[in-house]
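Computed from a prediction, not measured in an experiment: that's the story for all the values here. Below, chains carry the letters A, B, ... as their sequence lines are ordered, and counting in each starts from 1.
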Number of protein chains: 2
Amino acid sequence: MSTGIVTDLRPPESSSAIVRKLGAMTLLSEMEISFLESLQINRIQVEDQVDFIQDGQDLKATFIVTSGWAIRYLLTEDGRRQILSFALPGDILGLHINFQRKSTYNAAGIHDLELAVIDPLRTIEVSQKYPVLSAGFSWCTAREFAILGDQALRLGRLSAFKKLCHLLLELWHRLRLINETDGPWFELPLRQIDLADALGLSNVHINRQLQDMRRAGLITQQKNWIKIEEVEKMIEIAEFDTSHLAEFRI
Amino acid sequence: MSTGIVTDLRPPESSSAIVRKLGAMTLLSEMEISFLESLQINRIQVEDQVDFIQDGQDLKATFIVTSGWAIRYLLTEDGRRQILSFALPGDILGLHINFQRKSTYNAAGIHDLELAVIDPLRTIEVSQKYPVLSAGFSWCTAREFAILGDQALRLGRLSAFKKLCHLLLELWHRLRLINETDGPWFELPLRQIDLADALGLSNVHINRQLQDMRRAGLITQQKNWIKIEEVEKMIEIAEFDTSHLAEFRI
DNA sequence: CGGCCAATTGATTAAACTCAATCTGCGTGG
DNA sequence: CCACGCAGATTGAGTTTAATCAATTGGCCG
């Protein structure tokens with residue numbers, strides 16, 4: 001059994017996504033790592049576009065994305081969808097369960113999603129017994145908040161072209177921090193209509209903007225994969241602020 | 001000195017806004033109330049449109065709005081502003097200071113803003129010694145998150161007219177929970193350009209939509225005050241979901 | 001070979017922006 | 001007390017962006 005002494009600067013590649021993510025933020029002891037791993041015993045698969053959290057309904061558990069993507073979204077009365085954010089491997093959903101019983105958003109799977117289902121009581125255990133992990137979770141919350149702020153900036157003040165560049169950069173940066181990119185390439189398991197609903201645009205317009213981006217040599221697409229051809233140039237175009245996603249070591 | 005026994009269901013009107021707000025969420029002991037009040041010793045006044053938190057800069061303290069309004073916002077490279085949210089009396093800014101040193105947004109005063117400045121060390125004290133208050137702060141965070149989600153829905157999927165209705169309803173509801181409304185009336189210390197920057201629209205368009213709303217008999221304006229003529233009708237028009245702002249008693 | 005879903009295209013419409021000018025209320029200095 | 005200046009509100013005209021509607025195409029799976 002671990003003595004709680006820090007044994008490694010970075011968790012190995014084989015760790016779960018949440019361990020990799022928190023391990024990039026702060027030093028984790030073996031005890032903390034094994035506790036984090038033990039949280040993730042119950043796993044479920046969620047089908048594409050199927051809800052696992054529903055707006056207005058009681059939240060049953062906290063979820064950690066172990067592989068695949070999820071979306072958080074809201075619906076208007078007439079069925080229009082606004083995607084609020086994408087949850088990538090290592091991201092946590094429903095951490096607020098102990099303070100707000102009912103969910104204020106929907107969450108659904110994208111493509112092949114696998115979740116670790118965490119008993120709410122165990123998140124309380126974290127705050128009582130694992131201050132470092134508790135801080136880690138708070139850091140995740142603050143980060144989500146920053147990401148949602150960037151989403152609002154995109155929605156309100158960027159052109160369609162810049163919106164797309166900005167979102168692709170966000171996803172690429174976030175995926176890179178969890179080793180889910182292959183150089184400039186990453187898997188983008190989204191239909192054009194998902195991008196449209198994330199950016200407050202129509203699918204037709206997304207289609208045309210993507211064509212423009214390809215013609216401008218900014219991106220290349222292959223099946224579900226996309227390549228950012230010139231990161232620096234795209235950062236300039238989209239006025240992207242990488243510091244909002246930066247790691248922060250306590 | 002208090003024994004920590006709960007003595008009153010609701011804090012009196014004379015309490016500070018944060019006490020009223022958390023007191024509406026859960027039962028607070030006299031000890032918790034007096035601790036909350038003791039946090040707010042250092043107060044500052046912030047002039048209209050003057051920043052007290054800056055994107056990318058070190059966050060110096062946690063702030064509680066004691067009177068007036070603040071805005072959280074981001075800027076694009078070319079100076080366009082996106083207001084992310086309004087901080088009303090009782091709202092907390094920079095609660096994440098212990099987990100994310102640099103701010104990921106700007107915050108500025110609106111009209112006459114007064115803030116309580118809280119030493120970051122004291123927010124740690126809260127999490128160690130006052131579990132109920134700690135839960136209250138987490139509840140505030142979850143609520144901010146829901147409000148920001150609604151803002152994203154507005155920005156991405158509502159028409160200009162509905163955006164305005166939706167925002168006015170949010171403000172009216174939030175102000176009502178802290179006793180800052182006068183029936184259907186409330187003070188709206190915003191210029192048209194502030195509304196524009198909150199809703200991702202131009203000031204010219206806001207002007208025309210406000211005229212349409214007045215002509216439709218939905219609102220009446222007097223100086224800085226505004227009256228929601230028919231709340232139910234406006235809720236219907238804006239597809240407003242009041243449950244996202246609902247109080248929740250632990 | 002169908003059938004289906006997603007991507008693409010073309011044409012038209014609608015929403016909101018931009019630019020520039022004018023108006024209004026209010027505070028200030030002469 | 002009035003002229004002036006200023007910021008914010010209002011108006012008008014023309015332009016741009018993106019939505020909508022309606023086909024059509026392409027790729028994949030059974």
Here the salt bridge (Lys or Arg N to Asp or Glu O under 4.0 Å) pairs for residues 47-58 of chain A, sequence neighbours left out, are A/Asp58-A/Lys102
Residues pairing under salt bridge (Lys or Arg N to Asp or Glu O under 4.0 Å) where one sits in residues 184-195 of chain B, two or more places apart or in two chains, turn out to be B/Arg81-B/Asp194, B/Arg191-B/Asp194
Min and max contacting nt of DNA chain C in 5' to 3' order, chain A heavy atoms within under 4.0 angstrom, are C/dA6 to C/dA11
ring-ring contact (aromatic ring centres under 6.0 Å, His included) filter on A/Tyr105, not counting sequence neighbours, yields A/His96
Residues passing the side chain to side chain donor-acceptor pair (under 3.5 Å) test with A/Gln221, sequence neighbours excluded, are A/Arg214
Are A/Ser103 and A/Gln54 linked by a side-chain donor-acceptor pair shorter than 3.5 Å? no
One should read off an interatomic distance between A/Ile118 CD1 and A/Ile92 CD1, to the nearest 0.5 angstrom, of 8.5 Å
For B/Arg43, the side chain to side chain donor-acceptor pair (under 3.5 Å) test, sequence neighbours excluded, returns B/Glu114
Separation of D/dT11 atom C1' from B/Asn207 atom CG, nearest Å, is 8 Å
In whole angstroms, the gap separating P of D/dG8 from CD of B/Gln49 amounts to 8 Å
Let me check something: any side-chain donor-acceptor pairs from residues 231-238 of chain A under 3.5 Å, sequence neighbours excluded? List them with distances.
none

Each nucleotide of nucleotides 12-18 of chain D classed B (base within 4.0 Å of a protein heavy atom), S (only sugar-phosphate) or -, in 5' to 3' order, makes BB----S
Requested in this report: Look at the side-chain N and O atoms of B/Gln211 and state whether any lies under 4.0 Å from the OP1 or OP2 oxygen of D/dT11.
Outcome: yes
Kindly indicate whether the side chain of A/Asp150, heavy atoms from C-beta on, has any atom under 4.5 Å from the side chain of A/Asp241.
-> no
Separation of D/dT20 atom P from A/Ile193 atom CD1, nearest Å, is 11 Å
task = Kindly assign one of parallel, tilted or perpendicular to the pair A/Phe240 and A/His173, based on the angle between their ring planes and the thresholds 30° and 60°.
result = parallel
Aromatic rings B/Phe63 and B/Phe52: how do their planes relate, parallel, tilted or perpendicular, breaks at 30° and 60°?
perpendicular
With sequence neighbours left out, the residues meeting side chain to side chain donor-acceptor pair (under 3.5 Å) with B/Ser67 are none
Those residues at least two apart in sequence (or on a different chain) that pass side chain to side chain donor-acceptor pair (under 3.5 Å) with A/Glu170 are A/Arg154, A/Arg174
When rounded to whole Å, the CG to P distance for the pair B/Asn224 and D/dA7 reads 17 Å
Double-helix bend of the helix from C/dC1-D/dG30 to C/dG30-D/dC1, axes at both ends from 5 pairs, round to 10°, gives 30°
Here the distance between atom P of D/dG8 and atom CG of B/Leu210, to the nearest Å, is 16 Å
Need one value for A/Arg157: base, sugar-phosphate or nothing, where a base atom within 4.0 Å counts as base even if backbone is also close, heavy atoms only. nothing
Scoring nucleotides 23-30 of chain D by protein non-hydrogen atoms under 4.0 Å (B base, S sugar-phosphate only, - none) yields -----S--
